[in-house]
Amino acid sequence: MTQDPVWQEEKKRLGHVLERIQEEIKRTEALSEERLTTVAEARKDFWSDISVNLSNRDDIMETYAAITQQSMMLGGQERSLQHAEDNRYRLLRMYNSPYFGRIDFTEDGTDDTQQIYIGIGSVLDEETQTYWVYDWRAPVSSLFYDYPPGPASYKTPAGTIDGQLELKRQYMIRGGELKALFDTGVTIGDEVLQEILGGHADDRMKSIVATIQSEQNRIIRDDTHPVLIVQGAAGSGKTSVALQRVAYLMYKHRQTLHADNMVLFSPNALFNSYVASVLPELGEANMQQTTYQEYLRLRLSRQFEVEDAYDQIETLLGLSPEDSDYELRTASIRFKSSRAYIEVIERYAKRLEKEGMLFQDLIFRGRVLISRERMAEEFYRLDPGLKLSNKLHLLKEWLLKELKELAKLERRKSWVKKEIELLDKEDYQRAYNALQKQAGEREVAFDDAQQEALLLAKFVVHERFKSLRSRIKALRFVSGALLYKQMLSDESWTADDATLSLPGEWDAVRLWTLERMEAGQLPYEDATPLLYLTGLMEGFHSYNAVRHVLIDEAQDYSAFQLAFLRRLFPRARMTLLGDFNQAIYAHTHGGGDTADTGYGVVYDLFGKDQVELIRLVRSYRSTRNIVDFTLKILPAGEPVEAFNRSGEDPRILQVKDTDELHRVIAQEVARLREKGQQSIAVICKTASEARSANDALSSLLQTELITKDTRIFPEGVLVLPAYLAKGLEFDAVIVYNASGKRYGNDNERKLLYTACTRAMHQLTVCAVGSVSPLLD
């Protein structure tokens with residue numbers, strides 16, 4: 001092949017591109033050094049260029065303006081430095097592999113055929129203003145992903161360009177050397193995918209721009225639908241595609257859309273670490289990343305010990321489905337996750353507009369300053385047609401006015417005089433500055449003792465009332481938790497409303513919930529309803545600056561949680577990534593696209609015409625042997641097609657007891673390492689089983705235990721529960737104990753399926769005694 005004219009021509013062109021990139025690297029390095037020097041000098045001279053004068057109001061304003069101007073100038077210089085550094089990093093990455101594809105395209109009506117090379121970024125020849133390499137996100141680059149040779153078109157801001165795709169070629173370039181090239185009639189040739197998919201799993205998710213398929217490209221470039229749902233099989237690349245989508249959107253809307261306008265809700269902190277390198281590899285800053293549990297903890301941890309989704313599933317996995325506690329808990333989870341419970345909360349909030357609001361006394365120095373009865377009286381004096389949140393904010397304004405009047409009366413109290421006598425010189429200066437600030441343009445002067453006493457009394461009371469004002473402004477005179485408990489404990493209001501849809505177990509569920517809350521514990525299924533009621537009461541804490549929200553493992557979100565997120569991000573577009581084959585939580589055990597366990601709620605929230613659903617059925621992660629094996633676990637599951645990559649059949653190893661189980665796992669790890677598998681996971685059913693397994697295995701081999709609090713992806717043999725493995729992949733997976741006792745119930749199918757589908761190349765299933773009937 002090295003004597004082939006095409007090969008020689010391509011190799012020569014690659015050399016020219018590498019030279020051009022090397023020149024650009026030198027130029028950006030010099031620019032970075034120059035800008036670094038400028039920033040360092042600006043930081044050093046920051047205060048020397050500012051004249052600080054705080055003598056009077058005008059001088060203060062002038063000083064503030066100078067500081068602001070200097071800060072803006074420094075910020076601009078720092079951004080310029082960061083831009084140069086980002087550009088240098090991108091070029092260094094491109095030097096290893098400048099491009100991965102080429103298309104030859106002839107636009108209709110012309111005889112000029114363009115040769116377009118595609119890489120992770122663009123390389124422009126400044127002299128001729130022609131591109132050596134086009135960014136994969138450029139409009140013309142979509143031809144590479146969407147069409148075989150023949151008639152083709154792509155969209156630009158000016159309209160659609162039609163033409164003929166004359167050639168599509170793919171390259172494997174490593175370390176700046178051309179290793180292989182393929183002319184292909186499909187989107188991505190199997191040769192490239194085989195080479196990439198046959199590699200090893202890593203502790204970081206990789207970019208997939210060189211292997212994007214046409215259906216994936218459709219997801220990445222969709223910029224018309226407010227809500228995009230991606231139902232993707234395990235290993236179909238839905239998370240990778242979502243991150244490429246973020247990079248594409250930031251490229252296309254780079255003037256208006258930035259990393260801090262986008263939020264990713266991922267399943268756990270470990271997953272955040274796993275995907276953290278993808279966007280920087282593509283030359284983009286990482287967007288905000290969080291988990292739904294972190295948000296719940298932020299809002300509720302001061303009041304309760306908040307259960308998380310993992311504790312919830314641990315509890316259920318530790319119970320038998322025949323157990324009465326299991327029935328009670330699943331009834332609680334399913335109802336409180338449903339749209340019927342949203343209706344209950346909203347009906348209760350409507351009732352509170354007319355009666356039943358609970359307030360808390362404002363207490364000062366051990367006495368009631370404004371009683372809860374007086375607050376309720378004033379609240380229900382307001383227009384009954386007003387929304388609950390509007391009435392509450394009007395009550396807040398009334399309370400602040402009342403507090404202002406009460407402060408005037410308080411200045412005459414004896415305790416004020418005593419506190420004035422205890423003031424020192426610093427306190428006097430603080431009093432003067434505070435009073436001057438309140439007075440504005442008027443000059444404050446202590447002309448005589450009587451006036452001084454009055455002014456100091458005003459200052460002392462104002463300072464002591466600070467906490468009360470803060471409490472009122474933060475609406476801490478009303479409690480969502482107290483109202484939620486009242487809703488659960490008050491049977492009369494549900495009896496009065498025959499249209500409410502309540503489950504038969506409602507009485508047992510509400511009494512159990514009240515017990516937990518009285519003990520300071522908040523069940524996971526109650527956290528979102530409590531915040532929803534609080535939002536109806538106070539107004540929702542909306543994040544209007546967020547323009548796009550991505551939700552990974554969306555099948556694990558309840559109807560209630562999705563409705564709540566819609567309220568939190570009212571201006572955001574949403575991308576939901578899910579797989580109902582991996583819907584392992586109690587509220588999703590029904591599966592399918594039903595009102596409360598599927599995407600039905602999304603259609604209702606946004607409107608069917610606003611939502612686009614795309615299914616990814618092809619799995620690229622696992623070998624065909626593993627995919628065929630896992631599909632038998634879910635005979636009625638979502639469709640999955642295996643990419644044509646063969647390997648070893650999964651192994652099922654039966655042992656007589658746990659001691660033998662641990663010896664066999666250690667032997668299996670050694671066998672897998674001999675075969676070159678580097679990333680190996682021992683996947684257990686629960687966290688408690690993972691802890692026991694890790695303790696036992698650690699005497700036989702080096703292992704790392706993964707818990708819900710693990711934030712950094714460690715190396716070595718990982719031991720973890722199945723629900724924490726979602727979204728991750730490993731060279732080889734050993735299912736710890738898939739016996740009939742451990743996986744004997746039908747509602748554990750998806751958990752076992754999730755564990756097995758983490759394997760890329762090799763899967764081993766161990767069982768103490770009989771193998772699970774789910775593997776029949």
Side-chain angles (χ1 to χ4, degrees), residues 197 231-238 317 321 553 555-556 578-585 588-593 597-598 615-655 661 664-665 668 672 677 680-686 689 721-723 725-776:
L197 297 174
Q231 163 59 37
S236 59
K238 51 188 176 293
L317 290 173
E553 304 295 347
Q555 79 281 349
D556 293 338
D579 177 16
F580 277 105
N581 285 345
Q582 300 178 66
I584 61 175
Y585 290 95
T588 59
H589 280 174
D593 197 16
T597 60
R615 297 183 185 274
L616 298 177
V617 298
R618 203 177 194 197
S619 176
Y620 299 97
R621 174 187 297 139
S622 308
T623 62
R624 177 177 289 278
N625 312 62
I626 294 172
V627 172
D628 290 345
F629 177 88
T630 56
L631 281 176
K632 292 171 186 174
I633 303 173
L634 294 179
E638 292 282 332
V640 182
E641 296 174 7
F643 176 72
N644 190 23
R645 183 169 68 89
S646 60
E648 274 190 24
D649 284 337
R651 290 155 56 90
I652 296 181
L653 305 178
Q654 289 179 263
V655 297
L661 172 66
V664 165
I665 289 175
E668 188 66 4
L672 292 167
Q677 309 306 339
I680 302 172
V682 178
I683 300 183
C684 304
K685 181 180 177 182
T686 64
E689 184 177 72
Y723 53 77
K726 290 174 78 167
L728 306 179
E729 62 186 24
F730 307 92
D731 290 340
V733 164
I734 300 170
V735 178
Y736 178 71
N737 180 11
S739 66
K741 287 185 178 180
R742 295 301 289 155
Y743 292 92
N745 300 306
D746 201 58
N747 60 12
E748 293 165 336
R749 278 186 184 278
K750 292 182 177 180
L751 193 68
L752 183 57
Y753 173 84
T754 300
C756 293
T757 53
R758 304 305 96 198
M760 291 175 64
H761 308 303
Q762 307 236 279
L763 172 64
T764 304
V765 179
C766 299
V768 177
S770 63
V771 178
S772 167
L774 305 179
L775 294 172
D776 284 347

Kindly say whether Q582 contributes a backbone atom to a donor-acceptor pair with the side chain of K726 at under 3.5 angstrom? yes
Quick one: closest heavy-atom pair of G744 and E748, and the distance? N-OE1, 3.2 Å
Answer yes or no: is there a donor N or O on one side and an acceptor on the other, between the side chain of K750 and the main chain of F580, under 3.5 Å? yes
Indicate yes or no: at least one non-hydrogen side-chain atom of I734 is less than 4.5 angstrom from one of C766. yes
S622 side chain to A759 backbone, donor-acceptor under 3.5 Å: yes
Check whether any side-chain heavy atom of R618 lies under 4.5 Å from a side-chain heavy atom of F643, and answer yes or no. yes
side-chain contact (heavy atoms from CB on, under 4.5 Å) between I652 and F629, worked out: CA-CA 11 Å; I652 296 181; F629 177 88; 4.1 Å; yes
Any donor-acceptor pair under 3.5 Å from E729 side chain to R758 backbone: no
If you take all heavy atoms of A725 and I683, which pair is closest and at what distance? CB-CD1, 4.1 Å
Is L775 close to I633 at the side-chain level, that is, under 4.5 Å between some pair of heavy atoms? yes
Supply the atom-to-atom distance R615 CZ to D579 CG, rounded to the nearest 0.5 angstrom. 10.5 Å
Does E553 have any side chain to side chain donor-acceptor pair (under 3.5 Å) partners at least two apart in sequence or in another chain, and if so, which? Q555
Provide the closest heavy-atom pair for P639 versus A233 in the form atom of the first, atom of the second, distance. O-CB, 4.4 Å
Heavy-atom pair with the smallest gap, counting every atom of E638 and N581: N-OD1, 2.7 Å
State, with a plain yes or no, whether a side-chain heavy atom of V735 is found less than 4.5 Å away from one of L763. yes
pair L661-Y736: side-chain heavy atoms closer than 4.5 Å: yes
Residues two or more places apart in sequence or in another chain: which of them pass salt bridge (charged side-chain N to carboxylate O under 4.0 Å, His left out) with D746? R749
Can any side-chain N or O of S772 pair as donor or acceptor with the backbone N or O of A738 at less than 3.5 Å? no
Value for CG (L751) from SG (C756), rounded to nearest 0.5 Å, stands at 10.0 Å
Search all heavy atoms of P773 against all heavy atoms of G740 and return the closest pair with its distance. CD-CA, 3.9 Å
Got a second to check how far T623's OG1 is from D628's CG, nearest 0.5 Å? 8.5 Å
Mind checking the OH-OG1 spacing from Y723 to T686? Nearest 0.5 Å is all I need. 6.5 Å
Quick one, N625 with S646, criterion side-chain contact (heavy atoms from CB on, under 4.5 Å). Give me CA distance, side-chain angles, the key distance, then yes/no. CA-CA 6 Å; N625 312 62; S646 60; 4.1 Å; yes
From L774 CG over to R742 CZ, what is the distance, rounded to the nearest 0.5 angstrom? 13.0 Å
dist R621:CZ -> H761:NE2 (nearest 0.5 Å) comes out at 11.5 Å
Would the distance check show the side chain of N737 and the main-chain N or O of V768 forming a donor-acceptor pair, the cut-off being under 3.5 Å? yes
For A755 and V733 the tightest heavy-atom approach is O-CG1, 3.7 Å
